Amino acid sequence: QVQLVESGGGLVQAGGSLRLSCAASGRTFSRYAMGWFRQAPGKEREFVGAITRSGGSTYNADSVKGRFTISRDNVKNTVYLQMNSLKPEDTAVYYCAARYSDSDLTYKARYEYDYWGRGTQVTVSS
């Protein structure tokens with residue numbers, strides 16, 4: 001079991017930046033692949049970014065590529081999502097997710113993740 005708590009969301013103007021954090025419980029954080037997803041009202045939860053256990057590889061959705069950066073600190077048991085050049089269409093609840101990496105993953109599919117945080121709201125104004 002791992003518990004995830006997101007923080008760092010808020011209201012920001014278009015073009016601004018936010019850094020989301022996801023704090024994970026336990027002492028086996030480094031054994032989990034981590035992902036960020038987002039869900040806007042009336043829409044399905046969509047992939048934003050992911051990072052492998054070691055942090056050696058990252059993946060980003062095309063919609064955020066070049067603007068968002070995912071990283072992790074396995075000492076602090078925390079994964080981050082640095083969001084730059086924010087757009088109104090980035091407005092959503094952002095969720096942190098974890099998957100114990102005991103098999104091959106695409107890192108991009110919701111069903112691949114076992115644990116989810118409660119989410120943090122990001123609102124980008126025009």
Side-chain angles (χ1 to χ4, degrees):
Q1 175 71 275
V2 59
Q3 292 183 328
L4 309 173
V5 180
E6 303 95 334
S7 63
L11 176 65
V12 64
Q13 296 182 67
S17 298
L18 283 174
R19 188 195 193 198
L20 305 184
S21 298
C22 174
S25 66
R27 296 189 293 271
T28 58
F29 177 69
S30 64
R31 296 159 69 177
Y32 290 83
M34 303 295 298
W36 284 98
F37 292 76
R38 66 186 182 186
Q39 187 167 21
K43 294 186 176 294
E44 294 189 355
R45 196 167 300 184
E46 67 175 356
F47 171 76
V48 175
I51 189 165
T52 56
R53 291 182 296 172
S54 67
S57 297
T58 59
Y59 306 88
N60 295 108
D62 289 342
S63 59
V64 305
K65 193 171 296 182
R67 300 188 297 121
F68 291 10
T69 302
I70 189 170
S71 61
R72 69 190 295 161
D73 186 334
N74 286 351
V75 175
K76 296 181 178 180
N77 284 12
T78 302
V79 63
Y80 304 96
L81 184 68
Q82 178 66 48
M83 305 186 295
N84 299 324
S85 301
L86 283 161
K87 305 174 181 179
E89 51 263 45
D90 295 319
T91 296
V93 177
Y94 283 71
Y95 297 90
C96 177
R99 165 63 187 264
Y100 187 79
S101 296
D102 59 354
S103 62
D104 291 339
L105 302 172
T106 71
Y107 301 98
K108 302 177 181 180
R110 296 191 303 273
Y111 69 82
E112 293 181 325
Y113 292 87
D114 300 310
Y115 306 100
W116 295 84
R118 297 175 185 176
T120 184
Q121 176 71 47
V122 172
T123 303
V124 184
S125 65
S126 301

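Keep in mind that what you see is a predicted model, and the values were worked out from it rather than measured.
- Using modelled atom types, no side-chain atom of Y107 and backbone atom of G49 make a donor-acceptor pair closer than 3.5 Å.
- Heavy-atom minimum distance, A40 versus A92: N-CB, 3.8 Å.
- Rounded to the nearest 0.5 angstrom, F47 CZ and N60 CG are separated by 6.5 Å.
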Check: Should Y80 and D73 be marked as a side chain to side chain contact (heavy atoms under 4.5 Å, CB included) after you check the CA-CA gap, both sets of side-chain angles, and the distance that decides it?
Finding: CA-CA 8 Å; Y80 304 96; D73 186 334; 4.1 Å; yes
Note to self: Go through it in stages, so that I can follow the logic: the residues are R45 and W116, the test is side chain to side chain contact (heavy atoms under 4.5 Å, CB included), and I'd like the CA-CA distance, side-chain angles, deciding distance and then a yes or no.
What the structure shows: CA-CA 12 Å; R45 196 167 300 184; W116 295 84; 3.4 Å; yes
Next item on the list: Go through the steps for W36 and V79 under the test side chain to side chain contact (heavy atoms under 4.5 Å, CB included), then give the verdict.
Entry: CA-CA 9 Å; W36 284 98; V79 63; 3.9 Å; yes
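- A side-chain donor-acceptor contact under 3.5 Å links E6 to the backbone of C96.
- Residue pairs meeting the salt bridge (charged side-chain N to carboxylate O under 4.0 Å, His left out) criterion with at least one partner in residues 106-121, sequence neighbours excluded, are E44-R110, R99-D114.
- A distance of 11.5 Å separates OH in Y32 from CZ in R53, rounded to the nearest 0.5 Å.
- Residue L86 comes nearest to R67 through the heavy atom pair CA-NH1, 3.9 Å, listed as atom of the first residue, atom of the second, then distance.
- Classified by interplanar angle (parallel below 30°, tilted 30° to 60°, perpendicular above 60°), the ring pair F68/Y94 is tilted.
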Checklist line | Test log, rule side chain to side chain contact (heavy atoms under 4.5 Å, CB included), inputs Y59 and T52 | finding: CA-CA 9 Å; Y59 306 88; T52 56; 4.1 Å; yes
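- A distance-only check finds a donor-acceptor pair linking the side chain of S25 to the backbone of Q3 [under 3.5 Å].
- The CZ atom of R38 lies 9.0 Å from the OG1 atom of T91; values are rounded to the nearest 0.5 Å.
- The CE atom of M34 lies 11.5 Å from the OG atom of S71; values are rounded to the nearest 0.5 Å.
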Next item on the list: Take D62 and K65, measure what salt bridge (charged side-chain N to carboxylate O under 4.0 Å, His left out) needs, and give me the verdict at the end.
Entry: CA-CA 5 Å; D62 289 342; K65 193 171 296 182; 3.3 Å; yes
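- Rounding to the nearest 0.5 Å places OH of Y113 at 7.0 Å from CG of L105.
- Not one N or O on the side chain of D90 forms a donor-acceptor pair closer than 3.5 Å with the backbone of A14.
- Considering every non-hydrogen atom in both L20 and G9, the closest pair reads CD2-N, 3.5 Å.
- You'll find the side chain of T78 stays beyond 4.5 Å of the side chain of F29, heavy atoms only.
- In the hydrophobic clustering of ILVMFWY residues, with side-chain heavy atoms under 4.5 Å counting as a link, V2 and Y100 come out together.
- Residue Q82 holds its CD atom at 8.5 Å from CG of L18, rounded to the nearest 0.5 Å.
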